[in-house]
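Structure first, then comments.
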Amino acid sequence: MRNKSLSDFKSLTIKNILGEPAVPSSITKLPKAASAAVVLVSLLVLAGWAFNIEFLKRVFPGAVAMNPMTAVAFILSSVGLWFSRSDVSDASRLAKIRRTAFLCAATVALIGLVRFLGYAGGWDVGLDRLLFASKLATAGGDQNIPNRIAPNTALNFLFAGSALLLAGSRSRRLGWLTQGMLFFVVFTSFLAFLGHTYNAPGLYRISPFIGMAVNTAACFVVLGLGILAASPDKGIMAVVASPNMGGIVARRLLPVAFLLPVALGWIRLWGQRAGHYGTEFGLGLMVAASVVLLTMVILRIATSLNRADSERRRAEEITKLEEARLRSVLKISQHTSTSMRELLDLVLDEAIALSASKFGYLYYYNEDTREFTLHSWSKDVMKECTIQNPQTIYQLEKTGIWGEAVRQRKAIVVNDFSAPHPLKKGYPEGHANLFRYFTIPVFSEGRIVAVVGIANKPTDYTDADVNQLTFMMDSVWKIIERKQAEEEIRRLNEELEQRVIERTAQLEAANKELEAFSYSVSHDLRAPLRSIDGFSQALLEDYADRLDEQGRDYLSRVRAASQRMAQLIDDMLKLSRVTRAALRREEVDLSALAQEIAAELRRAQPGREVEFTVASGLRTHGDPKLLRIALENLLGNAWKFTGKRSGARIEFGMTHRDSGAAYFVRDNGVGFDMAYAGKLFGAFQRLHDSREFPGTGIGLATVQRVIHRHGGKVWAEGKVEKGATFYFSLP
């Protein structure tokens with residue numbers, strides 16, 4: 001129960017800080033509760049008139065009965081009060097509800113005004129005889145007066161209806177006017193209720209007119225309080241509804257102030273009339289009972305207020321502790337530590353300061369090995385500790401009371417460390433003296449990862465200390481894990497950077513070796529090949545008449561092989577240069593490049609009839625020299641493989657595929673089998689006989705390397721004897 005009160009108080013305090021309304025629920029519920037109660041009584045009265053049930057009409061035998069139109073006016077008042085408290089999100093529906101509330105309140109005020117003016121002017125419109133007229137002639141109660149709406153009842157309806165109409169006004173003057181009218185309604189109705197209770201007609205009746213019925217008086221008191229509670233931030237209700245001590249006292253004493261004197265007065269009067277005691281004795285008895293009962297009520301309220309005040313102070317202490325913990329967590333999270341050890345030392349220092357302790361420790365714990373590893377002791381404990389070569393690694397089974405935090409998986413508190421304890425194993429000579437101590441396990445994803453111990457607080461450790469340190473370590477350990485991850489990432493990045501430097505150096509060395517090898521191949525292999533080709537040609541020219549046909553054929557083959565070998569060397573060097581060349585990006589007009597290459601192909605073989613189609617306006621960003629090499633190979637391939645076609649066609653353009661825009665070179669040449677498409681872009685890979693279509697198989701490998709260096713892709717589609725299309729994309 002105390003925890004609930006503390007929780008409510010903390011919630012209330014937070015609402016006050018945020019400026020939110022903190023009206024007690026008993027006040028906020030009062031308007032609708034009052035509406036429901038008044039409607040229920042009014043319906044019972046109407047049922048009493050309909051079925052001639054006297055108790056429902058007048059409560060006491062011979063008393064004044066509530067007029068049927070009074071019951072109707074009460075129902076309208078209650079509906080107006082209920083609807084005035086409605087709050088719906090639909091604007092049009094809310095407008096209808098508010099309009100209904102206004103009409104109900106206006107009708108009630110009009111009923112009261114018409115009937116009161118009738119009394120003042122001496123005329124009667126028969127408003128209070130609209131229902132059950134035949135039963136009203138002799139239903140007045142005392143003196144057998146016909147049942148009508150009493151003058152004080154009419155005036156109260158005028159004021160209650162007007163108060164409902166003005167309840168939403170923001171004017172301060174109108175607010176006080178509303179409060180005044182409602183106080184009048186409640187006060188006069190309370191007087192009428194007392195008049196019936198003590199059988200004093202002068203309190204509920206204005207002679208010679210009919211008096212206010214007892215159930216009417218009760219309904220007016222309830223209705224008036226409900227209308228007052230509908231505006232809990234105004235007037236006297238702002239005091240009563242206050243969440244502060246004044247409001248609490250008012251809410252507890254006001255019901256006593258209303259009910260206790262009424263009850264004691266009735267008891268005194270009843271005893272006197274019954275002849276049990278005289279006036280003096282009755283007065284003394286009433287005073288004594290009032291003193292005793294009021295004293296009991298005041299003491300009960302004082303006890304409750306003292307408890308609330310204690311809880312408030314406790315909540316303030318908790319708030320201060322929470323603020324201190326948040327400051328510690330913020331300080332730790334913002335600390336620019338150079339190492340994890342420095343960060344954890346700061347965590348331990350903050351934990352010690354937060355609990356007002358003298359010193360503490362922090363151990364890592366491994367659940368798999370059941371092993372503790374000391375991270376650090378606080379600086380102050382090292383001044384008192386004289387142990388030489390202190391142990392830093394412990395097995396769980398060899399620990400005493402400080403290992404219980406792991407064994408029991410909860411905090412362990414010992415506020416008298418010098419007293420015998422079954423779990424203690426003692427500590428080594430030279431250890432700092434402990435007189436108060438507690439330790440907690442630190443969890444991460446359900447596993448204990450560390451143990452923190454705090455010692456020698458000047459006062460006893462409490463649950464608040466345990467909770468505070470637990471909450472702090474839960475928050476801090478997330479920061480520690482994040483910083484550990486950052487440190488690991490930093491270390492991995494440094495390693496990766498070093499590896500990149502080393503691999504770059506290795507790659508540069510390999511490239512230099514490859515370049516030297518390429519030059520060596522170019523120089524060392526070309527000379528023998530030229531010699532073979534030259535001497536073979538000399539033999540054919542100078543000794544042709546001495547060689548037979550087969551000899552001349554052999555020499556021709558030697559020459560062709562040496563020339564093919566030279567071509568292979570040239571292509572290898574070209575491929576190597578494409579790979580090593582620096583990439584210089586700029587805007588490139590691909591359409592213009594394709595037109596130039598097409599013109600060069602025509603000049604090389606002017607006798608061929610080939611239809612070239614080049615799309616205009618195709619531009620991209622890339623290395624113009626490398627992209628020219630790629631287009632030369634693609635268009636050259638198309639030119640070569642359409643060599644045996646009459647009506648040969650070659651097209652260069654752009655299309656859109658799933659991956660985006662793609663450029664293409666299409667021809668209607670010999671094509672290829674898609675089953676071998678994977679071999680197209682490999683170096684020295686050929687799908688056609690070199691005697692039929694000359695070449696070394698380096699061209700498409702060169703194209704692929706150029707496009708890949710630009711970050712693009714290259715692929716091909718084709719059918720045998722149906723032509724081929726080579727696509728490439730550039731970012």
Side-chain angles (χ1 to χ4, degrees), residues 314 317-318 320-333 335 340-365 372-385 387 390-392 394 396 399-419 421 423-428 430-444 448-480:
R314 184 182 172 197
E317 291 174 1
I318 292 174
K320 290 179 181 178
L321 287 173
E322 289 177 347
E323 290 175 354
R325 173 167 54 84
L326 290 174
R327 283 195 297 269
S328 295
V329 173
L330 182 62
K331 180 179 179 181
I332 292 166
S333 66
H335 184 67
M340 190 56 59
R341 173 169 290 277
E342 182 181 341
L343 177 64
L344 288 172
D345 285 343
L346 175 63
V347 170
L348 185 59
D349 290 342
E350 290 296 319
I352 293 169
L354 193 64
S355 61
S357 298
K358 189 171 182 182
F359 50 76
Y361 62 81
L362 191 153
Y363 277 87
Y364 286 116
Y365 181 70
F372 295 92
T373 303
L374 177 64
H375 174 270
S376 64
W377 283 87
S378 56
K379 298 174 183 176
D380 289 340
V381 76
M382 299 308 296
K383 298 175 183 177
E384 299 184 18
C385 184
I387 301 175
Q391 187 175 348
T392 59
Y394 292 85
L396 175 61
T399 60
I401 194 168
W402 67 278
E404 284 300 301
V406 171
R407 285 189 282 268
Q408 298 187 31
R409 303 180 74 83
K410 67 177 185 179
I412 303 297
V413 179
V414 180
N415 279 317
D416 185 2
F417 201 81
S418 60
H421 197 288
L423 298 174
K424 286 171 60 177
K425 291 188 177 181
Y427 42 71
H431 192 284
N433 185 45
L434 303 180
F435 50 87
R436 288 187 187 89
Y437 162 85
F438 88 90
T439 180
I440 64 165
V442 180
F443 290 88
S444 177
I448 298 177
V449 293
V451 173
V452 179
I454 305 295
N456 292 4
K457 179 184 176 183
T459 58
D460 284 355
Y461 290 109
T462 64
D463 290 343
D465 293 310
V466 174
N467 293 336
Q468 191 75 347
L469 186 58
T470 301
F471 294 152
M472 176 185 172
M473 292 308 300
D474 284 347
S475 302
V476 165
W477 206 261
K478 292 181 176 65
I479 298 171
I480 290 171

From [X] atom [atom1] to [Y] atom [atom2], the distance as rounded to the nearest 0.5 Å:
{"X": "D345", "Y": "L362", "atom1": "CG", "atom2": "CG", "answer": "9.0 Å"}
{"X": "L348", "Y": "M473", "atom1": "CG", "atom2": "CE", "answer": "8.5 Å"}
{"X": "D349", "Y": "L354", "atom1": "CG", "atom2": "CG", "answer": "12.5 Å"}
{"X": "Y394", "Y": "L374", "atom1": "OH", "atom2": "CG", "answer": "7.5 Å"}
{"X": "D416", "Y": "L434", "atom1": "CG", "atom2": "CG", "answer": "12.0 Å"}
{"X": "S355", "Y": "K457", "atom1": "OG", "atom2": "NZ", "answer": "7.0 Å"}

Exactly one of V452, V451, T470 should register a side chain to side chain contact (heavy atoms under 4.5 Å, CB included) with V442. Which one does?
V452
Can the ring centres of Y363 and Y365 be said to be less than 6.0 Å apart?
no
With a 6.0 Å cut-off on ring centres, are F417 and F435 close enough?
no
Nearest atoms (heavy-atom pairs only) where [X] meets [Y]:
{"X": "I352", "Y": "G360", "answer": "CD1-N, 3.4 Å"}
{"X": "A405", "Y": "T439", "answer": "CB-CG2, 3.8 Å"}
{"X": "P441", "Y": "A411", "answer": "CD-N, 4.0 Å"}
{"X": "A356", "Y": "P458", "answer": "O-CD, 3.2 Å"}
{"X": "T399", "Y": "L396", "answer": "OG1-O, 2.6 Å"}
{"X": "A455", "Y": "Y461", "answer": "C-OH, 3.1 Å"}

Please check if any side-chain donor atom of D460 sits under 3.5 Å from a side-chain acceptor atom of T462, or the reverse.
no
R436 side chain to S357 main-chain N or O, any donor-acceptor pair under 3.5 Å?
no
With a 4.5 Å limit on heavy-atom distance, are the side chains of [X] and [Y] in contact?
{"X": "Y364", "Y": "L344", "result": "yes"}
{"X": "N456", "Y": "F359", "result": "yes"}
{"X": "F443", "Y": "R409", "result": "yes"}

Which class fits the ring pair W402 and F372: parallel under 30°, tilted 30 to 60°, perpendicular over 60°?
tilted
